Amino acid sequence: IRPPPLRCLIGVRPLPPGWSSYITPEGLRYYVNSSSKETTWRRPSSSAEAPQRPLAPQNSSPYGKTWPSSSYWVITHHLSVSPRFLLQINCVTFPLPGEGPEQQLLKPDEWSYCDYFWADRKDPQCTTSVTGFEVLLQKQLKGKQLQKEMAEFIHERIKIEEEYAKNLSKLSLSPLAAQEEGTLGEAWTQLKKSLHDEAEVHLKFSNKLHTEVEKPLLTFRGDNFKKDLKKYDHHIADLRKQLASRYASVEKARKALADRQKDLEVKTQQLEIKLSNKTEEDIKKARRKSTQAGDDLMRCVDLYNQTQSKWFEEMVTTSMELEKLEVERIEWIQQHLRQYTTLRHETDMFNQSMVEPVDQLLQNVDPAKDRELWVKENKTGDVRPVDMDI
């Protein structure tokens, strides 16, 4: 939780009995009652009529507001650098869970990249972390690799088709059973011819797989694609570096403010207990330095917020561009894998057409006719032997 606005107290009366004052690491003073354990940002009063304010985030006050003169003077700075209920993770500011107004998704119900990759991701060993944007880039690179592997798979399918076509063509020239005659011989000859025709179909299928599936998968987004991703990466990484630098400046300014505040408080306490001859002018000088440190902190916070805003805008724009690229990749692969199935169906249809004449001839095979044809061609005589006569 961020600290409340800074309170600078000067020239006050001693604390009531039981109360002690402390300073937070951010240079903010608070008070603790050792008996009641009460804590408060407001300096306790010795008057019983003045109830103390609990320690809670303060409401912001207008910068430079001057409070009425009394037993002490108060200078209030409104430091927008420290809004309530925020935390920083790797120099990026996020709201605490459950605090502040609920954020609405930029693209509801779409699971868009621009809504879900703002935080960094730790590796399983929790030794390093990658940004959400790097996760998106890794998705793109992985998609490119998987696309290449698909092309390699299709290439292996092509090699199988080519080898199959080669073997079919070779088998169609086999002299085996070439002397078969008659209607069965005609069917056998047609079957062997169909192997040659089928080989041609599979060879054409392999050629189309290369030109219409494998090649498009290989050439879709060539070497320039990785170069473009590197440009995205460098651009967003530079913005994160600028953001880290701005955050470091804020922390440095915060520490400087705490040091100035501590110095101011020490001088104030010395004046209260009269351990020093410091004049009121010395106190005012210390107060001005504290005020200047507060101004410097506000300026650093403003620069930080501007840089974070720019990083936010670029993250939204670039993540949506990567989302568009991923949609294009998936649709491209879908289109060419569907082309594969279309070619496969066509190949089956051609193969079926090659088989149909064979099937028709096989249906017309007639053993009686084949016997007749064979007998006519190969008969040796139709005169039968008779009994021997004495």
Side-chain angles (χ1 to χ4, degrees), residues 143-220 329-390:
K144 179 69 174 176
Q145 177 61 30
L146 295 178
Q147 178 183 316
K148 180 181 178 181
E149 292 178 8
M150 290 180 186
E152 292 175 355
F153 179 91
I154 297 298
H155 182 71
E156 292 300 315
R157 182 71 172 89
I158 290 172
K159 289 169 62 177
I160 293 173
E161 287 296 320
E162 291 176 341
E163 188 66 21
Y164 184 54
K166 178 181 177 180
N167 291 334
L168 283 178
S169 181
K170 181 179 179 180
L171 185 59
S172 70
L173 300 176
S174 172
L176 296 174
Q179 295 179 351
E180 183 62 60
E181 300 174 339
T183 56
L184 180 58
E186 292 177 2
W188 178 247
T189 300
Q190 183 60 42
L191 187 148
K192 291 170 65 178
K193 181 179 181 299
S194 72
L195 292 184
H196 179 271
D197 295 339
E198 186 179 354
E200 291 295 320
V201 170
H202 282 276
L203 189 59
K204 290 180 180 178
F205 175 52
S206 67
N207 290 334
K208 287 188 176 182
L209 280 181
H210 173 68
T211 58
E212 299 180 23
V213 182
E214 179 193 16
K215 188 175 180 180
L217 289 177
L218 280 175
T219 57
F220 181 62
R329 183 188 76 89
I330 292 175
E331 291 179 346
W332 179 267
I333 293 175
Q334 178 193 31
Q335 173 188 344
H336 289 86
L337 292 185
R338 291 185 67 182
Q339 181 64 12
Y340 166 82
T341 60
T342 299
L343 293 174
R344 188 70 182 84
H345 288 315
E346 290 177 355
T347 300
D348 290 341
M349 292 175 61
F350 282 125
N351 286 337
Q352 182 63 32
S353 67
M354 297 298 104
V355 174
E356 287 176 357
V358 178
D359 186 55
Q360 185 63 39
L361 288 174
L362 287 174
Q363 291 180 18
N364 293 334
V365 169
D366 185 348
K369 184 176 181 180
D370 285 359
R371 185 173 64 249
E372 176 187 347
L373 293 174
W374 186 84
V375 169
K376 286 181 179 180
E377 184 175 347
N378 295 281
K379 65 183 178 178
T380 59
D382 57 358
V383 179
R384 295 182 298 277
V386 296
D387 292 340
M388 182 185 293
D389 191 8
I390 299 177

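This structure is a prediction, so every number in the text was calculated from the model and none was measured.
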State the CG-NE2 distance between L218 and H210, to the nearest 0.5 angstrom. 8.5 Å
Let me confirm one number: the CG-CG distance from L373 to L184, rounded to the nearest 0.5 Å. 12.0 Å
Heavy-atom side-chain contact between E198 and F350 under 4.5 Å: no
Can you measure from CG (D366) to CZ (R371) and round to the nearest 0.5 angstrom? 8.5 Å
Just by distance, with hydrogens left out, do E149 and Q145 show a side-chain donor and acceptor under 3.5 Å apart? yes
Taking E162's backbone N and O only, do any of them form a donor-acceptor pair with S206's side chain (distance below 3.5 Å, no angle check)? no
Do N351 and V201 pass the side chain to side chain contact (heavy atoms under 4.5 Å, CB included) test, and can you show the C-alpha distance, the side-chain angles, and the key distance before you say yes or no? CA-CA 7 Å; N351 286 337; V201 170; 3.8 Å; yes
Hey, could you give me the CD/CD distance between E212 and Q335, rounded to the nearest 0.5 Å? 10.5 Å
With a cut-off of 3.5 Å and sequence neighbours excluded, list every side-chain donor-acceptor pair involving residues 152-161.
{"unit_1": "H155", "atom_1": "ND1", "unit_2": "E214", "atom_2": "OE2", "d": "3.0"}
{"unit_1": "R157", "atom_1": "NE", "unit_2": "Y340", "atom_2": "OH", "d": "3.2"}
{"unit_1": "R157", "atom_1": "NH1", "unit_2": "E161", "atom_2": "OE2", "d": "2.2"}
{"unit_1": "R157", "atom_1": "NH2", "unit_2": "E161", "atom_2": "OE2", "d": "3.1"}
{"unit_1": "E161", "atom_1": "OE1", "unit_2": "H202", "atom_2": "ND1", "d": "2.5"}

Show me the donor-acceptor pairs, under 3.5 Å and distance only, between side chains in residues 173-182 and residues at least two apart or in other chains.
{"unit_1": "S174", "atom_1": "OG", "unit_2": "L176", "atom_2": "N", "d": "3.3"}

Pair D348-Q352, side chain to side chain contact (heavy atoms under 4.5 Å, CB included): steps then yes or no: CA-CA 6 Å; D348 290 341; Q352 182 63 32; over 6 Å; no
R329 (side chain) donor-acceptor with G143 (main chain) under 3.5 angstrom: yes
Within 6.0 angstrom of K204 NZ, more than 12 heavy atoms from elsewhere: no
Under a 3.5 Å distance rule, please check whether S172 uses its side chain to pair with a backbone N or O of S169 as donor and acceptor. yes
Which pairs count as side-chain hydrogen bond (donor to acceptor under 3.5 Å, both in side chains) when at least one residue sits in residues 375-388, sequence neighbours excluded? E372-K376
Listing request: all ring pair (Phe, Tyr, Trp, His ring centres under 6.0 Å) pairs with a residue in residues 365-390, at least two apart in sequence or in separate chains. none
Who pairs with W332 by ring pair (Phe, Tyr, Trp, His ring centres under 6.0 Å), at least two apart in sequence or on another chain? F220, H336
Keeping the roles fixed (side chain from Q190, backbone from V358), state whether a donor-acceptor pair exists under 3.5 Å. no
Please answer whether the main-chain N or O of V365 pairs with a side-chain N or O of D370 as donor and acceptor at a distance below 3.5 Å. no
With sequence neighbours left out, the residues meeting salt bridge (Lys or Arg N to Asp or Glu O under 4.0 Å) with D197 are K193
How many angstroms lie between atom NZ of K170 and atom CG of L168, to the nearest 0.5 angstrom? 12.0 Å
Approximate separation, where rounding is to 0.5 Å, of D359 CG and N364 CG: 9.5 Å
Does I333 form a side chain to side chain contact (heavy atoms under 4.5 Å, CB included) with Q147? I'd like the steps, not just the answer. CA-CA 8 Å; I333 293 175; Q147 178 183 316; 4.3 Å; yes
Can you confirm whether K215 is buried at NZ, in the sense that more than 12 heavy atoms of other residues, nucleotides or ligands lie under 6.0 Å from that atom? no
Using side-chain heavy atoms (C-beta onward) and a distance below 4.5 Å, is L343 in contact with L209? yes
Working for side chain to side chain contact (heavy atoms under 4.5 Å, CB included), residues F205 and R344: CA-CA 8 Å; F205 175 52; R344 188 70 182 84; 3.9 Å; yes
